[in-house]
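Input: a single structure, listed below in C-alpha cells.
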Amino acid sequence: MGYSRTGKIPKPWCGILPWCRLCCVLVYDVNVKKSFDNLDNWREEFLIQASPSDPENFPFVVLGNKVDVDGGNSRVVSEKKARAWCASKGNIPYFETSAKEGFNVDAAFECIAKNALKNEPEEEIYITYNFIMETKGRIQLQPKTNLTSIDHPSDR
C-alpha cells in the first residue's frame, strides 16, 4: 500500500481481495517526506474502502522502506518520528526495511501474518506461498518452498 502520486488506494484492491480485510500494510519511503505525510490519508482511505467491522481495532503494520539508500544519508523521516506516528494510531507495529537488501523483511511479514491471523474468523488457514522480493522492490508470490504468507481459505 503506498500510492504517493495520487494519495489514493485503487478501489478494486479492497473489493476483490478477501485477505485485504485481514491486515493492512502501509509502506512509505524514509527518504521522501511526502510518502510519510500520506500515511494518514492511506490509512483513512483503506478504512473507508475495506469497511472493516471494527475500524478502531483493525490491524495495520507500517514499513519505513529504503533504509539502505545512500547509507542513510538521504533519510528525511526519522525512526523516532515514524514510531511516534504509529503510537498515536494505537501502537501500530513499525519496521524499518529495505526491500532491495531484504533487511527486516522477514520480521515484518511475520508480524503481518500474525496480525492477519488474529483478525481471521476461527477456521482453518492454509499457508502455501512465499513472498519473493524482486530487484525493484516489488513483491511477487511464488509456489510454496517455506511457510511465510497467507493463502486465505476463500481463495481456494
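Reckoned from all heavy atoms, side chains included, excluding hydrogens, waters and symmetry mates. Because the structure is a prediction, the values reported are computed rather than measured.
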Problem set entry | F58 versus P52, closest heavy-atom pair with distance |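 Heavy atoms only, the tightest pair is CD1-CB, 3.5 Å.
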Exercise. For the residue pair S98 and N65, what are the closest heavy atoms and their distance?
Worked result: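 Distance-wise, the nearest heavy atoms are CA-OD1, 3.5 Å.
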Problem set entry | D37: salt bridge (Lys or Arg N to Asp or Glu O under 4.0 Å) partners, not counting sequence neighbours |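 Partners of D37 by the salt bridge (Lys or Arg N to Asp or Glu O under 4.0 Å) criterion, ordered by chain and then number, come out as K33.
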For this session: Return the set of residues passing side-chain contact (heavy atoms from CB on, under 4.5 Å) with N73 (not counting sequence neighbours), or none when no residue passes.
Result: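 With neighbours one apart ignored, the set is D70.
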For this session: Please identify each residue that fulfils side-chain contact (heavy atoms from CB on, under 4.5 Å) with N104, with sequence neighbours left out.
Result: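 For N104, the residues satisfying side-chain contact (heavy atoms from CB on, under 4.5 Å) (neighbours in sequence not counted) are F95, T97, A107.
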Problem set entry | By ring-ring contact (aromatic ring centres under 6.0 Å, His included) - contacts of Y94 (at least two apart) |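 Per chain and number, Y94 pairs via ring-ring contact (aromatic ring centres under 6.0 Å, His included) with no residue.
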Is there side-chain contact between [X] and [Y], with at least one heavy-atom pair below 4.5 Å?
X	Y	value
R43	I92	yes
F60	N115	no
F103	V67	yes
E110	D106	no

To the nearest 0.5 Å, what is the distance between [atom1] ([X]) and [atom2] ([Y])?
X	Y	atom1	atom2	result
L63	C111	CG	SG	9.0 Å
C23	K114	SG	NZ	13.0 Å
L26	S35	CG	OG	11.0 Å

Problem set entry | Residue pairs fulfilling salt bridge (charged side-chain N to carboxylate O under 4.0 Å, His left out) with at least one residue in residues 48-62, sequence neighbours excluded |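 Of all non-adjacent pairs touching residues 48-62, none passes salt bridge (charged side-chain N to carboxylate O under 4.0 Å, His left out).
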Exercise. Which pairs, with at least one residue in residues 76-85 and sequence neighbours excluded, count as a salt bridge (charged side-chain N to carboxylate O under 4.0 Å, His left out)?
Worked result: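 Output for this query lists E79-R83.
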Exercise. F36 and V69: same hydrophobic cluster, using ILVMFWY side-chain contacts below 4.5 Å?
Worked result: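 No, F36 does not connect to V69 through the hydrophobic network.
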For this session: Could you tell me whether a side-chain N or O of N31 sits under 3.5 Å from a main-chain N or O of K66, the two making a donor and an acceptor?
Result: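 Side chain of N31 to backbone of K66: a pair is present.
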Exercise. Is K34 salt-bridged to D29, going by a charged N under 4.0 Å from an acidic O?
Worked result: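 D29 and K34: not salt-bridged.
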